[in-house]
Number of protein chains: 2
Amino acid sequence: MIDYIILGFLLDKEMTGYDIKQKINVSTANFYDASFGSIYPALKRLEAQKLIVSKKSIKKGKFKNIYHILNLGRQTFLDWVKEPLVLHQSRNEYLLKIFFYRYLSKEDVVSRITQFIKLLLEYKANLVKIEPLVASQADFFQLSTLRYGLDSYQFLIDWFQQYLITIDQEYSKPE
Amino acid sequence: MIDYIILGFLLDKEMTGYDIKQKINVSTANFYDASFGSIYPALKRLEAQKLIVSKKSIKKGKFKNIYHILNLGRQTFLDWVKEPLVLHQSRNEYLLKIFFYRYLSKEDVVSRITQFIKLLLEYKANLVKIEPLVASQADFFQLSTLRYGLDSYQFLIDWFQQYLITIDQEYSKPE
DNA sequence: TAGCGCATGTAATATGTTACATGATTTC
DNA sequence: GAAATCATGTAACATATTACATGCGCTA
């Protein structure tokens, strides 16, 4: 999938691997992050497949590989983006832990859920913080992915707050 | 992580690799699935680490490896389940596509979101269908992971239905 | 001159899936 | 007797992360 992020960004303008990582950090990182260890090999692969092409630039003794998208890359990207949206139910480690929470005392359950809500509030606050910056640079759809993030966090916060209430009311651990 | 599901199930009772896969299918598969290709090697690994032990059973010429949890496995599992809940923001391919939806016509966007909502409704309906069965067998926390799934799907359905309205009202693709 | 940002890249490791390979028993 | 279910296991492949390795230019 990293291939498609790269193609999508290069469709907009030429970039180095480093640029792509920067761009990911400020735009898609919340739902799709990638490390240099996946970006650089991907760039080589995409070039070998003739989807993109690099131009070496040497300035002040410092060399850069600047990548451009080719027609084949453009077409590959557009084919992908037009594909139906699918839902990959991904691994959810916190749900897996909760699945086995019968092995915890009620106090331990409550403290862990409470801590988790704090974490969610922090994550949401981080998104709120970057929202104005994103809003000034992003298009309608890009901004909507941020809004999705905010709304998702709010949903989770509400859900787990209600969960705490339910646990308190309905659940008594059999000892 | 597959290790912890296995340990968690074996804590309850002895099982074969096949049993574990069955159990995953009817309980955690919605947020944590695993294939035989990961279960069997995990069982060997866990036995080599003395977390579990197997007992060969031969009945009617058919052999089974029945696994039991050992004290070390019990402790390893309990340590894990007591760890704080963390949020791994996982890959979200549909959001990544939407991030690049400026490259689609408004009609294409609407049709894909509409189709996606149908998919979400199907997924939710599947959970609704199995809810009575789960409710009859699962404990409070296990059932709550199913409820979480139902509520998550409903959140997504609502969100994307509102999104369609917003797209219709606010977004006009620059051509 | 120390540290940070820019810039690239590889090797080791992690963690899994899919497909293949086998074969018995149970059910229709 | 065919098909589904039970039951195990490996090999090839996919996909990525983390840590390591390198080195320049700018700034405090």
Side-chain angles (χ1 to χ4, degrees), chain A residues 1-7 9-10 14-26 28-49 52-68 80 86 88-93 96, chain B residues 1-7 9-10 14-26 28-49 52-67 80 86-93 96:
Chain A
M1 296 300 98
I2 179 63
D3 294 17
Y4 298 112
I5 307 191
I6 291 174
L7 292 174
F9 285 149
L10 292 183
E14 58 176 39
M15 285 181 167
T16 68
Y18 194 86
D19 292 337
I20 290 166
K21 174 58 179 160
Q22 301 289 94
K23 185 81 180 173
I24 287 172
N25 285 348
V26 297
T28 69
N30 286 296
F31 53 90
Y32 224 108
D33 203 359
S35 65
F36 285 121
S38 66
I39 293 168
Y40 285 116
L43 287 168
K44 294 216 154 180
R45 204 168 51 236
L46 291 169
E47 185 165 28
Q49 293 167 357
I52 63 176
V53 69
S54 70
K55 183 176 69 180
K56 277 215 177 355
S57 146
I58 301 166
K59 275 193 180 126
K60 305 170 198 162
K62 221 165 79 178
F63 105 97
K64 279 186 189 189
N65 268 326
I66 304 173
Y67 288 91
H68 294 256
W80 170 78
V86 288
H88 293 292
Q89 51 254 58
S90 51
R91 299 277 151 90
N92 187 325
E93 197 185 333
L96 186 62
Chain B
M1 296 304 94
I2 180 63
D3 293 18
Y4 298 112
I5 307 191
I6 291 174
L7 292 174
F9 285 148
L10 292 183
E14 57 175 40
M15 283 183 170
T16 67
Y18 194 86
D19 291 338
I20 290 166
K21 174 58 178 160
Q22 300 291 94
K23 186 81 178 171
I24 287 172
N25 285 349
V26 297
T28 69
N30 286 296
F31 54 91
Y32 224 108
D33 202 357
S35 64
F36 286 120
S38 66
I39 293 168
Y40 285 115
L43 286 168
K44 294 216 153 179
R45 204 168 52 235
L46 290 168
E47 185 163 30
Q49 293 166 357
I52 63 177
V53 69
S54 69
K55 182 178 68 178
K56 278 218 176 355
S57 145
I58 300 168
K59 275 190 182 131
K60 307 171 199 163
K62 219 164 81 180
F63 104 97
K64 278 188 190 187
N65 268 326
I66 304 173
Y67 289 90
W80 170 79
V86 289
L87 189 72
H88 294 292
Q89 51 254 58
S90 52
R91 298 277 152 91
N92 187 323
E93 196 185 332
L96 187 61

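Residue numbers start from 1 in every chain, and the chains themselves are labelled A, B, ... in the order their sequence lines are given, proteins ahead of strands. Only this structure's heavy atoms are used, side chains among them; waters, hydrogens and symmetry mates stay out.
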Worksheet item: With sugar-phosphate meaning primed atoms plus P, OP1 and OP2, does G37(B) contact a base, only sugar-phosphate, or nothing at under 4.0 Å between heavy atoms?
Response: base
Response to the item:
Whole-Å distance, N25(A) CG to dA7(C) P, equals 14 Å
Worksheet item: Is there a side-chain polar atom (N or O) of Q22(B) under 4.0 Å from OP1 or OP2 of dT5(D)?
Response: no
Fill in: Nearest-Å distance for atom pair CD/P, residues E47(A) and dT8(C)
12 Å
Worksheet item: Does R91(A) have a side-chain nitrogen or oxygen under 4.0 Å from the phosphate oxygens OP1 or OP2 of dG16(C)?
Response: yes
Discussion item. Main chain of S35(B), side chain of K21(B): is a donor-acceptor contact present, judged purely on distance under 3.5 Å?
Written reply: no
Item to complete: Mind calculating the distance between CG (L96(A)) and C1' (dG16(C)) to the nearest angstrom?
Response: 15 Å
Practice prompt. Please tell me which of the listed nucleotides, dG9(D), dA16(D), dG16(C), lies nearest to the side chain of Y32(B)?
Written response: dG16(C)
Worksheet item: Could you give the NZ-to-C1' distance, from K64(B) to dT26(C), as a whole number of Å?
Response: 13 Å
Worksheet entry | F36(A) CZ - dC6(C) P separation (whole Å) | 9 Å
Worksheet item: Do the side-chain N or O atoms of S35(B) get closer than 4.0 angstrom to the phosphate oxygens (OP1, OP2) of dT17(C)?
Response: yes
Item to complete: Measure from the side-chain heavy atoms of S38(B) and tell me the nearest of dT8(D), dA7(C), dT17(C).
Response: dT17(C)
Worksheet item: Out of dG16(C), dG9(D), dT10(D), which has the shortest distance to the side chain of F63(B)?
Response: dG9(D)
Response to the item:
Per atom distances to the I2(B) side chain, the nearest of dG9(D), dG16(C), dA7(C) is dG16(C)
Worksheet item: Touch check for T16(B), heavy atoms < 4.0 angstrom, all strands: base, sugar-phosphate only, or nothing?
Response: sugar-phosphate
Practice prompt. Measure the shortest side-chain to side-chain distance between R91(A) and M1(B) over non-hydrogen atoms and say whether it is less than 4.5 angstrom.
Written response: no
Worksheet item: Taking CG from L43(B) and P from dT8(D), how many angstroms apart are they, rounded to a whole number?
Response: 8 Å
Item to complete: Identify the heavy atoms of D3(A) and R45(A) that sit nearest to each other, and give their distance.
Response: OD1-NH2, 2.8 Å
Practice prompt. Decide yes or no for E47(B) and V53(B): does some side-chain heavy atom of the first lie under 4.5 Å from some side-chain heavy atom of the second?
Written response: yes
Worksheet item: The side chain of Y18(B) lies closest to which of these nucleotides: dT10(C), dT8(D), dT10(D)?
Response: dT8(D)
Practice prompt. Check the distance between dG9(D)'s P and R45(B)'s CZ and give it to me in whole angstrom.
Written response: 14 Å
Worksheet item: What integer distance in Å separates N65(A):CG from dT10(C):P?
Response: 11 Å
Worksheet entry | Nearest listed nucleotide, side chain of Y40(A), among dT8(C), dT8(D), dT10(D) | dT8(C)
Response to the item:
In this structure, CG of L46(B) is separated from CD1 of I2(B) (nearest 0.5 Å) by 9.0 Å
